Each structure stands twice: as C-alpha cells, then as structure tokens.
Protein chains: 2
Amino acid sequence: METITENQKLKVAKKIKKMFGHMKRSEMEYCPIRDVMALASDKWSILIILYLGYYPVLRFNQLKKKVYGISNKVLSERLKVLESDGYLSRTLYPEVPIRVEYELTDFGHSYLQKILDLSEWVTTYSDQIMANRKKYANAQG
Amino acid sequence: METITENQKLKVAKKIKKMFGHMKRSEMEYCPIRDVMALASDKWSILIILYLGYYPVLRFNQLKKKVYGISNKVLSERLKVLESDGYLSRTLYPEVPIRVEYELTDFGHSYLQKILDLSEWVTTYSDQIMANRKKYANAQG
DNA sequence: AAGAGCAGGTTACCAAAAGTAACTTATATT
DNA sequence: AATATAAGTTACTTTTGGTAACCTGCTCTT
C-alpha cells in the first residue's frame with residue numbers, strides 16, 4: 001500500500017468540508033449522501049449496474065443468471081429502486097411471452113464509472129483485506 | 001448529465017471483463033467484490049470513514065456525535081469490522097477514565113479517496129436523483 | 001463510606017429488511 | 001386439458017438493524 005502524504009490528506013479534508021461542512025445538525029439527520037448511497041451502493045445494486053455496463057441490454061431472467069445468487073424478489077425490488085432513481089430504464093415489449101429489457105441510462109453510465117473505480121480498488125486489495133481479517137481474528141483469539 | 005460516448009462504454013466494458021470475466025459460476029457465489037463492498041460501503045461505514053478523513057483522530061463518543069443518529073451498538077459493530085478489514089486502527093489508552101482513539105490507516109486513506117469520489121458524485125447529483133424519484137412516483141400514480 | 005459521574009462499550013428486546021419457495025397471469029404449444 | 005414460458009408477486013422464515021437500559025472500573029463529591 002502506497003503511503004499518502006500529509007498534503008494529500010489536507011486536500012481530502014478540504015473536499016469533505018466542502019461536501020458537508022456547511023450542514024447543520026438538523027440537516028444531518030436527513031443526509032442525501034446517506035440516502036442515495038444506501039440505495040445504490042448495496043452489494044446487489046452494484047452488481048446489477050456492473051453487469052449492465054458489460055452487457056448493454058439484459059432481460060429479467062438473464063440478469064438473474066448473471067447476478068449469481070439473487071432472488072426474484074430482491075432483483076425485482078432493486079430494479080425498481082434503480083429505475084426510480086434514474087440509473088436504468090425498463091422497457092416492456094408486450095409480446096408473448098412478455099419481454100422486458102433493462103439498460104443503463106446516461107445517468108447510470110455516469111454512476112457506473114464511479115462504482116467501477118471503487119470495484120477495481122476492491123478487486124486489487126481484496127486479498128489484503130482477507131489477510132487483515134485473518135490477522136485480526138487471530139489477535140482476538 | 002453529459003452523455004457518454006460509445007468508445008467510453010467499450011473501455012468500461014473492458015475493465016469489467018478484466019475484473020470478473022474470468023470468474024467461474026462457482027466462484028461467483030463467493031465474490032470478494034460483494035463481500036468487501038457489502039461491509040465497507042454501507043451508509044454508516046462510509047460516514048465513519050469520511051469523518052475520520054476530516055478529523056484525523058476521534059474517540060468513540062466524538063464519533064458518535066459526528067455520525068449523527070448512529071447507536072452505540074451499530075457504531076461499535078462497524079468500528080470492529082472496519083478495524084478488522086484494516087481501514088482503521090483502534091488505540092486504547094488505559095487512563096482514567098479510559099480513552100480510545102480511532103484513526104484511518106494508510107489503507108483506510110486509500111479507500112477514503114475512492115469513497116470520496118463516489119460521495120462527491122452523489123452530492124453533485126442528489127437533487128437530480130430526488131427529481132427522478134418524484135417523476136417515477138408520479139408516473140406510477 | 002455511599003452515591004454520582006464518566007468513557008466505552010454490551011445486552012436484551014423489538015422492528016425492519018433480506019432470503020426462500022411456492023404461486024400468478026396471459027398466452028401458445030402439444 | 002395439460003404444459004410451458006417470462007416476469008414477476010406473495011406468504012413465510014431468518015437475519016440484520018435499531019432502541020434503550022445496563023455494566024465496568026475508576027474517581028470525585030458529600
């Protein structure tokens with residue numbers, strides 16, 4: 001892990017201050033960062049967005065296969081939330097059997113870039129995190 | 001929202017492929033992205049990391065005041081997980097009364113940079129997301 | 001010496017969210 | 001008439017999250 005300089009830390013602190021340094025106590029209670037992040041950064045939503053970044057168009061059951069382990073219920077819920085927030089579009093083709101296609105909006109693609117940076121970081125360091133966990137678990141006995 | 005070019009989309013798809021294109025079905029079931037993200041990207045953990053990026057050292061009850069609305073129990077849990085994964089360090093001073101200080105590790109600072117990018121994006125677009133939600137809610141009736 | 005206070009939690013309890021598996025709807029095929 | 005299919009929904013169980021009271025080990029006040 002490359003060390004971070006004091007100068008970089010100061011820059012980061014400045015950015016954080018800009019983000020919510022002006023917020024009052026009462027405003028913190030309903031904090032958009034908390035709200036938006038809570039919905040879009042859970043494990044399933046991130047995977048859905050990543051898969052739609054890779055396969056530009058996917059149907060419900062295709063997504064279900066790709067997003068390994070997700071249930072109908074949760075997939076359906078997440079898709080509604082992600083559509084509602086504007087990350088993806090849902091198009092229904094009234095054929096028989098019915099066909100429904102999901103794809104990222106421009107907004108979703110913008111978000112995907114951020115999520116992708118984060119995911120790449122996680123992928124790069126996941127081994128180290130697992131090692132950290134083991135070390136901690138041993139230290140605790 | 002600035003539109004994304006087809007070329008950019010291709011680059012993104014390539015990165016995603018690199019990340020988990022090689023994974024087998026059986027490996028997807030335990031996916032480190034899912035695991036690590038699930039723990040570090042929940043709303044409380046993100047706020048804890050952001051506050052420790054702003055105030056370099058914080059004690060338990062100071063954090064509790066900053067991270068508005070968090071309970072003892074959840075703060076205590078999150079701190080353990082974040083320490084276990086290596087994002088922050090916990091230092092106990094056996095004074096009277098006891099003093100415990102939390103601060104980001106270098107690893108935590110590295111993660112903070114990614115979280116900060118994401119948070120800035122969210123802050124920039126949170127109004128639009130709220131507008132999207134309203135539009136969707138009205139469309140559903 | 002008895003009681004209050006403080007930091008940093010833990011515990012017991014209740015509510016909300018996530019996961020599981022069976023069911024639904026509308027049509028087409030056998 | 002029975003079976004299949006896509007895209008979900010529903011009823012139920014399990015897990016997680018949140019709330020509030022409590023604990024521990026010491027010191028300071030009365």
Side-chain angles (χ1 to χ4, degrees), chain A residues 28-31 34-48 51-52 55 57-85 88-103 136 140-141, chain B residues 28-31 34-48 51-52 55 57-85 88-103 136 140-141:
Chain A
M28 291 300 282
E29 195 153 11
Y30 177 73
C31 166
R34 222 144 96 180
D35 178 338
V36 173
M37 298 280 267
L39 289 182
S41 76
D42 78 296
K43 59 176 184 175
W44 295 125
S45 299
I46 286 174
L47 284 174
I48 291 168
Y51 275 113
L52 285 174
Y55 304 93
V57 179
L58 285 173
R59 299 170 64 173
F60 188 89
N61 282 309
Q62 290 178 318
L63 259 171
K64 207 191 147 182
K65 274 173 202 151
K66 300 296 177 197
V67 182
Y68 194 84
I70 199 169
S71 67
N72 287 9
K73 184 193 161 200
V74 173
L75 177 54
S76 166
E77 281 169 3
R78 295 297 151 209
L79 286 172
K80 271 182 199 159
V81 168
L82 292 174
E83 190 196 353
S84 163
D85 281 11
L88 52 82
S89 69
R90 175 183 185 275
T91 313
L92 183 144
Y93 299 88
E95 304 167 354
V96 171
I98 199 174
R99 180 161 58 101
V100 179
E101 289 185 348
Y102 293 92
E103 59 190 310
Y136 182 88
Q140 304 300 303
Chain B
M28 292 300 282
E29 194 155 7
Y30 176 73
C31 167
R34 220 144 96 181
D35 178 339
V36 174
M37 298 279 266
L39 288 182
S41 77
D42 78 296
K43 60 176 184 175
W44 295 125
S45 299
I46 286 174
L47 284 173
I48 291 169
Y51 274 114
L52 285 175
Y55 304 94
V57 179
L58 284 173
R59 299 170 64 172
F60 188 90
N61 282 311
Q62 291 178 317
L63 259 171
K64 206 191 147 183
K65 274 173 204 152
K66 300 295 176 196
V67 183
Y68 194 85
I70 199 168
S71 67
N72 286 11
K73 183 193 164 200
V74 173
L75 178 55
S76 166
E77 280 170 3
R78 295 300 151 209
L79 286 172
K80 271 182 199 159
V81 168
L82 292 175
E83 189 197 353
S84 163
D85 281 11
L88 53 83
S89 69
R90 175 181 185 277
T91 314
L92 184 144
Y93 299 88
E95 304 167 351
V96 171
I98 199 174
R99 180 162 58 100
V100 178
E101 290 185 347
Y102 294 92
E103 58 190 309
Y136 182 87
Q140 305 300 304

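Lettering follows sequence order; numbering is per chain, from 1. No experiment lies behind these values; they were computed from the predicted model shown.
Residues meeting the side chain to side chain contact (heavy atoms under 4.5 Å, CB included) test with B/Lys66, sequence neighbours left out: B/Tyr51, B/Tyr55, B/Leu58. Checked against side chain to side chain contact (heavy atoms under 4.5 Å, CB included), B/Val57 has the following partners two or more places apart in sequence or in another chain: B/Glu101, B/Glu103.
Remark: A/Ile70 CD1 to A/Leu47 CG distance equals 8.0 Å, nearest 0.5 Å. Separation of atoms CZ (A/Phe60) and CG (A/Asn72) is listed at 5.0 Å; rounding is to 0.5 Å. With rounding to the nearest 0.5 angstrom, the OH atom of A/Tyr93 is 10.0 Å from the CZ atom of A/Arg59.
Atom NZ of B/Lys73 is separated from atom P of C/dT11 by 11 Å (rounded to the nearest Å). The separation between A/Leu75 atom CG and C/dG19 atom P is 12 Å, rounded to whole Å. Note: CG (B/Asn72) to C1' (D/dT19) measures 10 Å, nearest angstrom. Atom CD1 in B/Ile70 sits roughly 13 Å away from atom P in C/dG9 (whole-Å rounding). Per the geometry, NZ belonging to B/Lys80 stands 11 Å off C1' belonging to C/dG8, to the nearest Å. The interatomic distance linking A/Lys65 (NZ) with D/dG8 (P) rounds to 15 Å, in whole Å. Look at CG on A/Leu63: it is 10 Å from P on D/dA7, rounded to the nearest Å. Separating the CG atom of A/Asp42 from the P atom of D/dG17 is a distance of 12 Å, rounded to the nearest angstrom.
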For nucleotides 3-5 of chain C, tabulate all protein N/O to nucleotide N/O atom pairs closer than 3.5 Å, reporting atom names and distance.
none

Below 3.5 Å is the cut-off: list the nitrogen or oxygen pairs between protein and nucleotides 3-6 of chain D, distance only.
| from | atom 1 | to | atom 2 | distance (Å) |
| --- | --- | --- | --- | --- |
| D/dA6 | O3' | A/Arg59 | NH2 | 3.1 |
| D/dA6 | O3' | A/Ile98 | O | 3.0 |

For nucleotides 13-16 of chain D, give me every protein contact, N/O to N/O, under 3.5 Å, one pair per line with atom names.
none

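Taking side-chain N and O atoms only, B/Tyr102 has no distance below 4.0 Å to OP1 or OP2 of C/dA7. OP1 or OP2 of C/dG19 has at least one side-chain nitrogen or oxygen of A/Trp44 nearer than 4.0 Å.
Each end of the helix from C/dA1-D/dT30 to C/dT30-D/dA1 gets its own rotation axis from five pairs of C1' atoms, and the angle between them is 30° to the nearest 10 degrees.
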